[in-house]
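Working notes, structure below.
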Amino acid sequence: MTGPGGDHDPARGQAALLHRAHLAGELLDAAEHAVAATMDQAYAVQEQLTALRLAQGRRVIGHKLGYTSAAMRAQMGVAEPNSGPLFDDMLLDGTASGFVQPRVEPEIGVVLGRDLCAADLRGDGDGDDPDGDLERVAAAVAEVRPCLEVVDSVWRDYRFDITQNTADGSSAAGVVVGPPLDVAPIDCLHTPVRLSRDGVEVAAATGAAAGGHPLAGVVWLCDRLARSGRGLAAGDLVITGGLTAAVPLPVGGTVSAVFDGRTTVRVTRDR
């Protein structure tokens, strides 16, 4: 089996297809490109795409979680979460430039104060301990940050299945990170957020929309990374999934979110 362009490594060939499309600002039709048949294959393509991006001199600074909320799963017609890497050049100062079909979603972000892996979440080994896992993640979190993620799928009109989205890094493209919130990490599920576009409120939620608790996604991510012998590192930023449905960001438009009733994060698309 060969990938696009005759590459005998299917994952590498599919990653090259996605990489070329992103560089050219071109959109792909999902019906014409079945990049992976399983989630394992999709993550293999994502790993190859990450390697191509690292070869450009980009640096991984953390991870994004996708589809941790019922609102996002319903909007996109997917049934399970996924994840993708965040790169240093995805950090935005509040201006979005050069995107093709951007959408914005409010998220709770966490910055780790120490390394964390799945083995750290197993407690005394007596079995599943969801509450204990959350407490152990909370103990590793240095900061809780309000975020606006800018997604920019390579798939035309966001018509994709979960494997295609996963291969494409879960559509990660940019993120605006606000100042630290005055909340204990274990309590961030209660943080309210109100999302507005051009000054008109369009949605509201709390941190609990992210799978019941934003830190639950970090537990899931640790388990997923452990399959390839990896974990999270001190300083990593993890954005824990959209709390509302994503809203389009047209040229000249502004999307803002108010977290905890007083902390505002916004992004404006200038071109």
Side-chain angles (χ1 to χ4, degrees), residues 1-23 26-56 58 60 62-70 72-87 90 100-101 103 105 107 118 149-175 210-211 216-232 238-242 246:
M1 180 178 178
T2 60
D7 195 310
H8 289 278
D9 181 334
R12 189 166 62 229
Q14 297 295 346
L17 170 73
L18 300 178
H19 191 55
R20 288 193 300 269
H22 276 293
L23 291 176
E26 296 177 350
L27 298 175
L28 301 175
D29 290 319
E32 298 177 3
H33 301 283
V35 298
T38 68
M39 287 295 281
D40 284 345
Q41 291 174 2
Y43 280 115
V45 175
Q46 185 188 110
E47 288 294 324
Q48 293 294 331
L49 180 59
T50 297
L52 291 170
R53 291 170 166 173
L54 291 173
Q56 295 177 293
R58 302 168 73 180
V60 174
H63 303 264
K64 70 149 291 182
L65 300 177
Y67 311 110
T68 58
S69 75
M72 283 303 302
R73 289 194 297 273
Q75 182 184 26
M76 303 312 302
V78 301
E80 61 184 293
N82 67 5
S83 67
L86 292 175
F87 293 88
M90 291 181 177
V100 179
Q101 51 176 3
R103 296 180 179 182
E105 34 190 274
E107 309 201 14
E149 184 188 8
V150 180
V151 293
D152 196 24
S153 178
V154 75
W155 303 109
R156 189 182 308 279
D157 299 326
Y158 287 78
R159 297 183 181 277
F160 49 65
D161 64 26
I162 188 65
T163 60
Q164 290 167 317
N165 176 254
T166 300
D168 187 36
S170 191
S171 301
V175 59
V218 181
V219 175
W220 177 89
L221 179 61
C222 285
D223 285 337
R224 197 196 73 72
L225 292 174
R227 298 173 198 168
S228 54
R230 295 180 295 156
L232 300 172
V238 180
I239 56 175
T240 57

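Hydrogens, waters and symmetry mates play no part in the numbers below; they use all other heavy atoms, side chains included.
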For residues [X] and [Y], report the shortest heavy-atom separation together with the two atoms involved.
X      : Y      : value
Thr68  : Thr240 : OG1-O, 2.9 Å
Ser170 : Gly84  : CB-N, 4.4 Å
Ala172 : Pro85  : CB-O, 4.0 Å
Ala246 : Arg103 : CB-CB, 3.9 Å
Val154 : Asp168 : N-OD2, 3.2 Å
Gly242 : Ser69  : O-OG, 2.8 Å

State, yes or no, whether a side-chain contact exists between [X] and [Y] at a heavy-atom distance under 4.5 Å.
X      : Y      : value
Val151 : Tyr158 : yes
Leu28  : Gln164 : no
Met90  : Arg58  : yes
Leu27  : Trp155 : no
His33  : Leu18  : no

Could you give the distance from [atom1] ([X]) to [atom2] ([Y]), rounded to the nearest 0.5 Å?
X      : Y      : atom1 : atom2 : result
Arg53  : Gln48  : CZ    : CD    : 13.0 Å
Glu107 : Glu105 : CD    : CD    : 5.0 Å
Leu54  : Leu49  : CG    : CG    : 9.5 Å
Ser83  : Gln46  : OG    : CD    : 6.0 Å
Arg12  : His19  : CZ    : NE2   : 14.0 Å

Inset, instruction - Give a yes or no on whether the backbone of Asn82 and the side-chain of Tyr43 come within a donor-acceptor separation of less than 3.5 Å. - result: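 Checked: no pair found.
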Donor-acceptor side-chain pairing of [X] and [Y] below 3.5 angstrom:
X      : Y      : value
Asp152 : His22  : no
Thr163 : Asp161 : yes
Ser153 : Asn165 : no

Inset, instruction - Please check if atom CZ in Arg159 has more than 12 non-hydrogen atoms from other residues, nucleotides or ligands closer than 6.0 Å. - result: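 Not buried by this count: 12 neighbours or fewer within 6.0 Å.
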Legend entry - side chain to side chain contact (heavy atoms under 4.5 Å, CB included) evaluation trace for Gln14 with Gln41: CA-CA 10 Å; Gln14 297 295 346; Gln41 291 174 2; over 6 Å; no
Legend entry - Carboxylate-amine/guanidinium contact Glu80 Arg224, below 4.0 Å: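 Salt bridge absent between Glu80 and Arg224.
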